Amino acid sequence: MKPTVYIGMTADIVHHGHINVIEKGREFGDVVIGLLTDGAATQFKQLPYLMYEQRKRIIENISGVTQVVEQNEWDYAPNLRKYKPDFMIHGDDWCEGVQKKFRDNAFEAMAEWGGTIIEIPYTKGILSQRYSQQENRLAATPDVRRSSLKRLIATGKLIRTIEVHSPLSGCLVDQLKIQDENGVHQFDAMWSSSLTDSTVRGKPDIEIVDLSARISSIDSLFDVTSKPLIYDGDTGGRLEHFGYNVRTLERLGVSAIIIEDKTGNKRNSLYGTDVVQTQEECEAFCDKIRAGVLARTTKDFMIIARIESLILEAGMQDALERAFAYVDAGADGIMIHSRAKTVGEIATFCQKFRAENENTPLIVVPTSYSDVYEKDLHSYGVNLVIYANHLLRASYPAMEKVARSILEHGRAREADEFCMSIKDILKLIPGGEG
Ligand code: SPV
Ligand code: MG
């Protein structure tokens, strides 16, 4: 039997670097490619542009590749132990930094059965940054962007979403990454909040900013970002209009709409029972969900039902009954909202819901119970967390401080220290220099 050679890769945009490593592998035996799943790849990179099955077909058709197997983690060691290859090939770019840990794990595993790791010089001349910019542009087409939310949820990780209220805040969320030994941490998706979309316009959050205005903002946002967007659809509006609105958002490349089970003059949920707010009848809301499901043209677009029972003090039982009814009506996810100071009632809801429904995505918005850690939410069965208003809440006090300082001093000098430099703001959006 020929020896086996294990090579791990994501293979999204395939280039000569991939071929170099496969050619090398062929010299030693039958090449088995450990193809990183979406979940594995996103530990350090962005969601691949191509779906797993598409990447698999491409790699299977490269000569010398005898088998493609799923690699479910960034770490090679679990798959190495499973397949026990005679050789493993890797570029020498993993000798330093955070990747070194994975090199050590691979050496430790291969030593267990006397396998050999061959390190080859990382192929020079590939500007991986350029490739990732290229991938970003590809990911910004409506079809790819729309479907990416469902793909992210399917990885089983907790999907981290944050409010954006302008293209600039979108750019920040698109680009911000921090890295530690566990991987790269970034926001996975953006939230178009009715609260912040109204507030930036100086209007109250009462469904007064119409769809055309909000769509025009999304259009500008989509011009300069690539991450998926979840749209806060308030009550969804009139039943007769809802299907049309779903199709408009879907066509733009929005990934999901969340509609809340309220009726009449919609007020922001965080007012709770301090203002008059009316919950929609369960069956009437199910009709709205059905209308949306019927109207959409792709399964990628998600219709998510938001339950206000805890906000309006209608009780846990009511929240759960509604959740199951909304799922039966076709909702692709349940957002359970709370204005409690601690996560208790959300944890209870999620655990009770999960006892009867393992798979429907659960979404939460920890604004009032901000103490909770993401890992705890994940352990209750939550799939997606939305930080619903933080960037706008951060920016207003920052602007106010500077404006006050100018008024107080009759000049701008004292405000300079609170502002980014002109050099930095010019650098922020490249392309204006030439
Ligand atoms: C929003 O962001 O507009 C929301 C979430 O609907 S909340 O403000 O908490 O109601
Ligand atoms: Mg809202």
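Numbering of residues begins at 1 and proceeds along the displayed sequence. What you see is a predicted model; the values in this text were computed from it and never measured. Atoms within each ligand, like the ligands themselves, are counted from 1 in listed order.
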Mark the output for His337 as yes if a heavy-atom distance to ligand 1 is under 4.0 Å, and as no if none is. yes

Counting only nitrogen or oxygen atoms and a 3.5 angstrom limit, does Trp191 reach ligand 1? yes

So the atoms of ligand 1 within less than 4.0 Å of a heavy atom of Leu270 turn out to be 9 (O)

Any N/O of Ser193 closer than 3.5 Å to an N/O of ligand 1? yes

Answer yes or no for Asn389: is there a heavy-atom contact with ligand 1 below 4.0 Å? no

With a 4.0 Å cut-off on heavy atoms, is Glu163 in contact with ligand 1? no

Can you tell me which portion of Arg306 lies within the under-4.0 Å heavy-atom range of ligand 1? Options are side chain, backbone, both, or neither. side chain

Are any non-hydrogen side-chain atoms of Val365 and Met335 less than 4.5 angstrom apart? yes

Is there a nitrogen or oxygen of Leu195 sitting under 3.5 Å from a nitrogen or oxygen of ligand 1? yes

Backbone or side-chain N or O of Thr367 under 3.5 Å from ligand 1 N or O: no

Lys/Arg-Asp/Glu bridge criterion (N-O < 4.0 Å) met for Glu374, Arg160: yes

Is it the side chain (CB and beyond), the backbone, both or neither of Thr196 that lies under 4.0 Å from ligand 1, heavy atoms counted? neither

